[in-house]
Amino acid sequence: MRFETISCKQLKKVYQRIQQDFPINEYAPYSKMYEYIRDGLIEGILFFEGSQPIAYVFCQFGQQHQTVLCSLFAVFSEYRGQGFGTKILSELIYHYREYQAIYLEVELPQAAADQKDYLIRQKRISFYQRCGFQLINSIESYRLWNVDYCIMAVAIQASFKTLNLSAKQHLIDIYNPILGEQNIHRLCIKP
């Protein structure tokens, strides 16, 4: 498996996949994503098996705390269930080994529209846990673009205890360059 950074030129094709893989309220408009990649605010990574693209992820970086947020992670539907997701997450952890942590936003199961959606969200959480990610307990709820998420992380250079205590500040650090603090809606810390 190999990977390469998604260029502005490649974004249009990958963006079509994003539109297939995610609800419209979970990703930015094409023009914004293009701008973010062009300006170096996000890094898109395209994964290949041989010459075939099989998955993608978009990463944002917290400069102050050396953290990474991986969002819009998807294995192409025709490659799911073959172990590629596990391999890719392992590769990302290795690739970002100099960082404190990698965070993920995972749709909150309790906010699911129905039982089927709830089970899919639970399955995602279980998958990420098998790959070494843990739920961040210090963040009770997290809402962005009118979507409720739970936050998961894998500790790389920091301890998980430190991540659990610092997650809110890390996420603000990651999102400020793109959204500004005013657009991080309802980030609550458990007492």
Side-chain angles (χ1 to χ4, degrees), residues 6 14-15 17-29 32-33 36-37 41-45 47 55-75 85-86 88-89 92-93 95-96 99-113 117-156 158 160 163-190:
I6 297 170
V14 175
Y15 195 81
R17 282 286 187 163
I18 292 169
Q19 291 174 309
Q20 293 171 16
D21 294 329
F22 292 92
I24 195 165
N25 61 334
E26 290 188 23
Y27 56 90
K32 279 294 188 190
M33 288 192 72
Y36 298 154
I37 286 177
L41 295 175
I42 63 172
E43 175 181 56
I45 302 173
F47 294 88
Y56 59 86
V57 66
F58 288 85
C59 302
Q60 297 164 229
F61 304 92
Q63 300 307 313
Q64 190 174 17
H65 301 288
Q66 290 295 298
T67 53
V68 180
L69 171 69
C70 292
S71 58
L72 300 177
F73 170 52
V75 175
T86 302
I88 288 167
L89 287 174
L92 284 171
I93 292 167
H95 182 67
Y96 294 120
Y99 284 78
Q100 296 296 309
I102 297 174
Y103 287 98
L104 298 171
E105 299 166 327
V106 185
E107 293 165 309
L108 190 65
Q110 295 84 340
D117 190 31
Y118 176 86
L119 293 173
I120 289 169
R121 292 172 183 211
Q122 282 294 115
K123 186 177 175 182
R124 282 188 195 123
I125 290 171
S126 295
F127 165 71
Y128 290 129
Q129 287 173 325
R130 286 192 309 275
C131 293
F133 288 81
Q134 297 177 55
L135 286 165
I136 297 291
N137 298 326
S138 63
I139 297 180
E140 184 177 296
S141 62
Y142 176 86
R143 185 173 179 86
L144 187 63
W145 308 120
N146 293 318
V147 178
D148 293 305
Y149 295 101
C150 54
I151 302 299
M152 300 185 77
V154 64
I156 301 173
F160 186 76
L163 297 182
N164 208 22
L165 294 172
S166 306
K168 179 179 179 179
Q169 191 56 46
H170 291 173
L171 292 167
I172 290 170
D173 181 39
I174 288 167
Y175 270 117
N176 267 340
I178 291 177
L179 303 174
E181 208 170 321
Q182 71 277 8
N183 289 318
I184 299 176
H185 309 294
R186 205 177 74 193
L187 186 59
C188 302
I189 302 297
K190 280 186 179 179

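Everything numeric in this text was worked out from a predicted model, so none of it was measured. Residue numbers run from 1 in the order of the sequence given.
When all heavy atoms of A55 and V75 are compared, the closest pair comes out as CB-CA, 3.7 Å. In terms of heavy atoms, E26 sits closest to V147 at CG-CG2, 3.8 Å. In this structure, Y15 and M33 approach most closely via the heavy-atom pair CE1-SD, 3.6 Å. Across all non-hydrogen atoms, the minimal contact from A112 to R121 is N-NH1, 3.6 Å. In plain terms, the two heavy atoms of C150 and L135 that are nearest each other are SG-CD2, 3.8 Å. Scanning both residues, D117 and A113, for their nearest heavy atoms gives OD2-N, 3.4 Å.
Two residues are said to be in side-chain contact when any heavy atoms from C-beta on lie closer than 4.5 Å; F133 and V106 fail this criterion. A heavy-atom distance below 4.5 Å is not found between the side chains of L104 and R124. At a threshold of 4.5 Å between non-hydrogen side-chain atoms, the residues E107 and Y149 count as touching. Considering only heavy atoms from C-beta on, F127 comes within 4.5 Å of T86 through its side chain. Under the 4.5 Å side-chain criterion, counting only non-hydrogen atoms from C-beta, Q60 is not in contact with Y36. Residues E105 and I151 are in side-chain contact: their nearest non-hydrogen atoms beyond the backbone lie under 4.5 Å apart. The shortest side-chain heavy-atom distance between L92 and V68 does not fall under the 4.5 Å cut-off.
Expressed to the nearest 0.5 Å, how far CD of Q66 lies from CD1 of I156 amounts to 11.0 Å. One finds the OG1 atom of T67 at 11.5 Å from the OH atom of Y96 (value rounded to the nearest 0.5 Å).
Using a distance-only test at 3.5 Å, with no hydrogens or angles considered, a donor-acceptor pair links the side chain of S138 to the main chain of N164. D148 places no side-chain N or O within donor-acceptor distance of the main-chain N or O of A111, the cut-off being under 3.5 Å.
A perpendicular orientation is assigned to the rings of H170 and Y103, their planes being inclined by more than 60° (bins at 30° and 60°). Ring geometry for Y128 versus F73: interplanar angle of 30 to 60°, hence tilted.
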Please report the C-alpha distance between I93 and V154 in whole Å, then the side-chain angles of each, then the deciding distance to 0.1 Å, and finally whether the side-chain contact (heavy atoms from CB on, under 4.5 Å) criterion is met.
CA-CA 8 Å; I93 292 167; V154 64; 3.9 Å; yes
